Chemist: 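Submitted below is the structure of interest, expressed as structure tokens.
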Amino acid sequence: MLSRRGFLYGLGVFAGSRLVGLDRTEPDLILYNGNFWTVNARQPRAQAVAISGGRFFAVGSNDEVLALAAGSARKVDLGRKTVLPGFIDAHSHPLDAGLMHLRMVDCDLRSIADILKALQERAAKTAPGEWVLGFKYDDTKTVEARALTRDELDAAIPEHPVFVVHRGGHTAWVNSAAFKLAKVDEKTPDPPGGRYDRDPATRRLTGHVSEAGRETFEKLMPSLYTRDDHRAAAKLISKMLIRTGITSACEADGTPDDLRGYQDARDAGELLFRAYCMIDYTHLEEMVAAGVRTGLGDEWVRVGGIKHFADGSISERTARLSQPYIGRPNDFGILVVSEEQLYERVRKAHAAGWQVGTHANGDVGIDLTLRVYERVQREIPRADPRFRLEHCTVVNDPLVARIKALGAIPTPFSTYAYYHGEKMKEYGAERVNHMFALRSFIDAGIRPTQASDYPPGPFEPMMALQSEVTRMDARGNVWGPAQRITLEEAIRVGTINGAYASYEENLKGSIEAGKLADLVVLGRDVFKEDPSNIINIPIERTMVGGRWVWES
Ligand SMILES: [Zn+2]
């Protein structure tokens, strides 16, 4: 295979006679009569591909590729449909989200009344005293236009501790039973790196808890999930992702259990996308002791970087900013780590040969993280460390220049301008022009990725393309027009750049001979679509490794 690949990379537009004399040159599948956007600069467009052993074998015109067909090759007429490389979601929480879908109440509902009803129904099936858990709650998306309250949670579910986590994952709402269990009351101080919100007038706890304040409650929950649950979670989320055109995703804060879950699902034939599994920093020592580092694995399940955290969340408005949130002059957000702590952690991972990714949203969080990266790379220089800045949301020109100088990779939210538009007013129009800053990154020669952060953001790649190209939300408001990019740029961000972020740019991310046969067939040509309607393009088929994993 390897010896042949070098030759086939150059095959490109002229096939046929040049293949004579090669051994085993027969493709097992040919897709022809398609409108292929390859994301390969040497051959941007094609009509047909030949596939062999799960990889592209030849890419070219119908005549060139069909001439390769031997007796056994299946031929599929794509009816001139547009084909893109499979999308790579470079920062998401697929298995983690799969677990939540298995066991927690999906609170992505449009009224507080509906949310309380769904929690109540779960409580009715849960033994008194045991937790009732909700996820994907969004305080800005209910008709009541306000947040849940402790009192209404108490009234609806008095017998169970309740914990409803925001879809951003950094803050939660709890009831009085949960406070009692956690031994947190009005006299309890806020924990370092966290908050228990209090009524400004009465100092009574409101039930809204943030960052380390949220973790207080999570620590009390018995581990809900078995080994088999992890496998089932990978299976469940597989089906959700592939129907949107995602063929690879990065588990952005995984555990050894998640890694095993991916492997179990893969062995069971249930894993339908390729997973790059970053590992939470708390597991670094056991991973290093086992002799593991970034890159171990194969094209289906691979060990990613070590994940660290610097600050809060954009969708929950806790990211650490140099200028306060609009309307809250004393609120600059939350740093969850000191620079010295982050340095100690990052240094260990970097010295052990791991790629490092740090959650850093606000300009203060990003500045701090960059200083740590610059310092460890100075102290322990490594070739091509590909430091990652997870989210890297609010930037400025000096930060962008330092990201470029370090060769770091930002993974900004792809769907937020569209999906979380209503929250952008808390950042203000001027600052939003420096958020999810794809234009600035690309112009500086940096390789940003597509990243949903699901559950915090929806993962549909068509929504990502629309959001990045238009910067318009569902109501027609435009957020940060200075950061618009072209559709071609957005497709590169969603494909080859994602492959680069996991050191796999020679393996996937474009449609070219030798690479994995991962692709998506669109129902309509995205280049002919009104940019504000891209989200409605149907995904007709998704292929991973030469096999159709989704057909509408
Ligand atoms: Zn994340």
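This structure is a prediction, so every number in the text was calculated from the model and none was measured. Hydrogens, waters and symmetry mates play no part in the numbers below; they use all other heavy atoms, side chains included. In each ligand, atom 1 is the first atom listed, and ligand 1 is the first ligand listed.
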Chemist: On the 0 to 90° scale, with breaks at 30° and 60°, tag the F217-F179 ring pair as parallel, tilted or perpendicular.
Modeler: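 Rings of F217 and F179: perpendicular, over 60°.
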Chemist: Under the rule for side chain to side chain contact (heavy atoms under 4.5 Å, CB included), what residues qualify as partners of A474, not counting sequence neighbours?
Modeler: Y418
Chemist: Has Q355 got a side-chain atom pairing as donor or acceptor with A501's backbone, closer than 3.5 angstrom?
Modeler: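 It does hold such a pair.
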Chemist: For the Zn ion (ligand 1), how many protein N, O or S atoms lie at less than 2.8 Å?
Modeler: 3
Chemist: Within 45° of the axis and under 6.0 Å from the centre of the six-membered ring of Y500, does NZ or CZ of R447 qualify?
Modeler: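 Ring-cation test returns yes.
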Chemist: Nearest 0.5 Å, what's the CD1-CD distance between I246 and Q450?
Modeler: 7.0 Å
Chemist: Any salt bridge linking D108 with R110? Criterion: basic side-chain nitrogen under 4.0 Å from a carboxylate oxygen.
Modeler: yes
